[in-house]
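Before any comments, here is the structure.
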Amino acid sequence: MTALLENPTARVKWLAVPSSAAWLEAANARPDLLLIDHAHCERKAAGVALQLMFRYPSDAALAEALSPLAREELEHFELVLQVLERRGIALRPLAAPAYGASLAAAVRRQEPHRQLDALLVAGLIEARSHERMALLAAHAADAELLQLYGELLASEARHFGLYWVLAEERHGREATVARLEQLALVERNALGGELADPHGLRMHSVGVAGG
Ligand code: FE
């Protein structure tokens, strides 16, 4: 499990642009809404890891990396659930932002491209979560939230590191770097524009520097 323990991607630049001050402001204006969405994100992240294990059932090394990742995401899900419960906030379904669908649409259908893209899209989502959680760990609305996001940061960084390693091992460095560059632009475009409705605030709602 060395891949999960170290962070070999400190040298890899995932995100094409940073999040905007407007996103952070919207997030701090609706911490309850963000927490509910965060719970869903952690559960979805576990689902993504499991889905990949089901899609490539004979890749033992992939399962060896993704199974603990899925467990860790579920632990985070449980942690966020506890915070929701302490605050008397009911978990409820939320409409997903366009972000996930925009990224999913960029995944090519044919193998081996499909796998490379799926790993990189999963990594990009983790990288954006990490970047936004880092903002929250420094600027969240209250002490409990500052602590929650601070605690989650290190593992989120490991998560996108892991997806990088899985992609590079299976598809080579050159192809991985080239495709990441393209998908990072898709990711940036998926977060372009301004939030029309403040209730649409999500962990992955629009809001990046430069619009
Ligand atoms: Fe994660």
Side-chain angles (χ1 to χ4, degrees), residues 1-10 12-15 18-19 23-24 27 34-56 61-84 91 94 96-97 99-104 107 115-138 140 145-169 176 180 183-184 186-187 190-191 201-205:
M1 262 325 73
T2 51
L4 200 66
L5 295 175
E6 64 201 29
N7 179 11
T9 58
V12 176
K13 187 178 177 295
W14 284 87
L15 302 178
S19 289
W23 178 82
L24 180 62
L34 193 71
L35 271 174
I36 295 171
D37 186 55
H38 184 180
H40 293 309
C41 283
E42 297 289 1
R43 183 169 45 194
K44 275 186 228 171
V48 165
L50 283 175
Q51 228 174 48
L52 284 164
M53 290 167 64
F54 278 110
R55 196 186 295 161
Y56 307 105
L62 187 90
E64 215 173 280
L66 290 180
S67 175
L69 174 72
R71 273 189 278 130
E72 193 164 60
E73 303 288 16
L74 285 178
E75 278 169 20
H76 292 176
F77 173 66
E78 292 160 30
L79 200 69
V80 180
L81 277 189
Q82 285 167 18
V83 175
L84 285 172
L91 188 66
L94 294 177
Y99 183 75
S102 302
L103 284 169
V107 174
Q115 185 189 68
L116 174 61
D117 291 2
L119 291 170
L120 290 177
V121 161
L124 276 165
I125 296 171
E126 294 285 341
R128 184 61 71 184
S129 304
H130 174 265
E131 188 237 4
R132 290 189 164 178
M133 280 187 211
L135 287 174
L136 295 163
L145 294 181
L146 289 168
Q147 199 199 338
L148 171 71
Y149 293 115
E151 267 178 41
L152 296 178
L153 267 191
S155 28
E156 292 305 330
R158 274 203 319 277
H159 294 173
F160 61 77
L162 183 65
Y163 279 115
W164 174 268
V165 171
L166 290 173
E168 194 185 18
E169 278 173 358
T176 303
L180 175 58
L183 290 173
V186 174
E187 200 266 351
L191 293 179
L201 181 268
R202 301 286 185 269
M203 194 60 91
H204 298 101
S205 55

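We count ligands from 1, going down the list as the structure has it; atoms in each ligand are counted the same way.
- Shortest distance from the Fe ion (ligand 1) to Glu126 is reached at OE1 (N/O/S atoms only).
- Across Arg158, Glu156, His159, a single residue satisfies side chain to side chain contact (heavy atoms under 4.5 Å, CB included) together with His130, and that is Glu156.
- Considering only heavy atoms from C-beta on, Lys44 stays 4.5 Å or farther from Phe77 through its side chain.
- Remark: at the Fe ion (ligand 1), atom OE1 from Glu156 and atom OE1 from Glu73 enclose 130°, rounded to the nearest 10 degrees.
- Taking the salt bridge (charged side-chain N to carboxylate O under 4.0 Å, His left out) definition, one finds that Glu42 meets it with nothing, sequence neighbours left out.
- With respect to the Fe ion (ligand 1), His159 has ND1 as its nearest N, O or S atom.
- Shown here are the salt bridge (charged side-chain N to carboxylate O under 4.0 Å, His left out) partners of Arg132, two or more places apart in sequence or in another chain: there are none.
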